[in-house]
Amino acid sequence: MTVSKNDPAVRAFRDTLGMFPTGVTVITARAPSGEPVGLTVSSFNSVSLAPPLVVWSLSGHLPSVPVFENAAVYAINILAEDQQDISRRFASRGEDKFAGLAFTEGLDGVPLLAGCCAWFECRQYARHPGGDHIVFIGEVARFERDATKKPLLFQGGAYQRLA
């Protein structure tokens, strides 16, 4: 059963979920062609410390779903509070989201965005259907953080900053 995101009950559910502040991430991978792919995701959390597992979800209707389903490795880039423009860029339907953007290559060439407050390089561990989304569980192979930066937050339909 497909329900419109404009349905009043769906909108009320989204607005209520939006009261919970979340960090903002950009998940990146490489397409089979080698092209970098990325998208903004706020549904990210830890699952397990041993082994180190994280979870995130992706709307099942997006064209990038097959890339992430088939990627052996992907990166979770935790955006810093000054990276709202990057969040918007990767949330858009723009063609080349990486044009002019600084990044380095991690495991298997996965893009690691410059200026983030943390990065998790993950190997595909599991994925499951979850309603209109696909739930991805990644095993963290490497991670890094920049403790001098604060994370970008999203709550109530707007970007927020830590006090």
Side-chain angles (χ1 to χ4, degrees), residues 5 11 13-30 36-60 62 64-65 67-68 71 73-94 96-128 130-163:
K5 64 181 176 181
R11 182 78 252 167
F13 183 59
R14 285 184 65 152
D15 290 347
T16 303
L17 288 171
M19 296 310 300
F20 183 72
T22 64
V24 182
T25 71
V26 170
I27 312 291
T28 55
R30 290 275 179 186
V37 177
L39 47 91
T40 300
V41 170
S42 61
S43 59
F44 165 73
N45 213 329
S46 63
V47 173
S48 169
L49 296 177
L53 301 176
V54 294
V55 63
W56 61 282
S57 65
L58 176 61
S59 179
L62 294 175
S64 57
V65 165
V67 171
F68 289 100
V73 175
Y74 51 80
I76 300 166
N77 300 268
I78 309 293
L79 298 185
E81 66 182 353
D82 63 350
Q83 293 183 304
Q84 290 181 21
D85 59 328
I86 292 175
S87 171
R88 287 187 191 97
R89 176 192 289 218
F90 282 90
S92 74
R93 304 271 180 170
D96 185 1
K97 297 175 185 177
F98 288 87
L101 190 64
F103 67 90
T104 58
E105 293 187 350
L107 295 171
D108 294 345
V110 69
L112 301 174
L113 304 180
C116 291
C117 60
W119 301 263
F120 295 92
E121 296 172 73
C122 302
R123 297 198 188 285
Q124 194 81 252
Y125 184 82
R127 57 176 197 280
H128 306 281
D132 60 359
H133 278 61
I134 299 166
V135 178
F136 290 85
I137 299 175
E139 184 168 13
V140 178
R142 296 193 312 202
F143 63 93
E144 185 176 335
R145 72 181 183 133
D146 182 342
T148 67
K149 296 182 183 256
K150 292 182 180 179
L152 178 62
L153 301 178
F154 197 79
Q155 187 264 328
Y159 294 106
Q160 307 292 339
R161 291 178 182 245
L162 289 173

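Numbers here are sequence positions counted from 1.
With hydrogens and angles ignored, the 3.5 Å screen pairs a side-chain donor or acceptor of Gln160 with a backbone N or O of Gln155. Judged purely by atom type and a 3.5 angstrom limit, Gln83 has no side-chain atom pairing as donor or acceptor with the backbone of Val24. Distance alone, capped at 3.5 Å, is enough to place a donor-acceptor pair between the Asn77 side chain and the Val26 backbone. The closest donor-acceptor contact from the side chain of Arg127 to the backbone of Val135 lies at 3.5 Å or more, if one exists at all. Side-chain atoms of Ser64 do not come within 3.5 Å of backbone N or O of Val67 as any donor-acceptor pair. Proximity of a side-chain donor or acceptor of Lys97 to a complementary backbone N or O of Phe90 within less than 3.5 Å is detected.
Across all their heavy atoms, Ser42 and Thr22 have their closest contact at CB-OG1, 3.4 Å. Contact between Ala71 and Gln124 at its shortest, heavy atoms only, is O-NE2, 2.9 Å. Shown here for Ser57 and His133, the closest heavy-atom pair between the two residues is OG-CD2, 3.7 Å.
For the atom pair OG of Ser46 and CG of Leu53, the computed distance is 9.5 Å after rounding to the nearest 0.5 Å.
Looking at His128 and Ile137, their side chains come closer than 4.5 Å, going by heavy atoms from C-beta outward. Between Trp119 and Phe143, every side-chain heavy-atom pair lies at or beyond the 4.5 Å cut-off. Contact check for Ile86 versus Leu113: side-chain heavy atoms found under the 4.5 Å cut-off. For the pair Val65 and Leu58, the minimum side-chain heavy-atom distance is below 4.5 Å. Residues Val37 and Thr28 are not in side-chain contact: their nearest non-hydrogen atoms beyond the backbone lie 4.5 Å or more apart. For the pair Val54/Cys122, a side-chain contact is recorded, criterion being any heavy-atom separation below 4.5 Å from C-beta on. Put simply, the side chain of Val110 reaches to within 4.5 Å of the side chain of Glu121, judged on heavy atoms. Inter-residue side-chain proximity for Cys116 and Ile78 is flagged as unmet; no heavy-atom pair is nearer than 4.5 Å.
Salt-bridge check for Glu139 with Arg123: failed, with every basic side-chain N at 4.0 Å or more from each acidic carboxylate O.
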Worked check of side-chain contact (heavy atoms from CB on, under 4.5 Å) between Arg89 and Phe98
CA-CA 9 Å; Arg89 176 192 289 218; Phe98 288 87; 5.7 Å; no
Determine, step by step, whether Asp108 and Arg30 satisfy the side-chain contact (heavy atoms from CB on, under 4.5 Å) criterion, reporting the C-alpha distance in whole Å, the side-chain angles of both residues, the deciding distance to 0.1 Å, and the verdict.
CA-CA 8 Å; Asp108 294 345; Arg30 290 275 179 186; over 6 Å; no
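Under the side-chain contact (heavy atoms from CB on, under 4.5 Å) test applied with Ile76, the options Val41, Ile27, Val140 reduce to a single match, Ile27.
Between Tyr74 and Phe120, the ring center distance fails the sub-6.0 Å criterion.
Using a 30° and 60° split on the angle between ring planes, Trp56 and Phe136 fall in the parallel class, below 30°.
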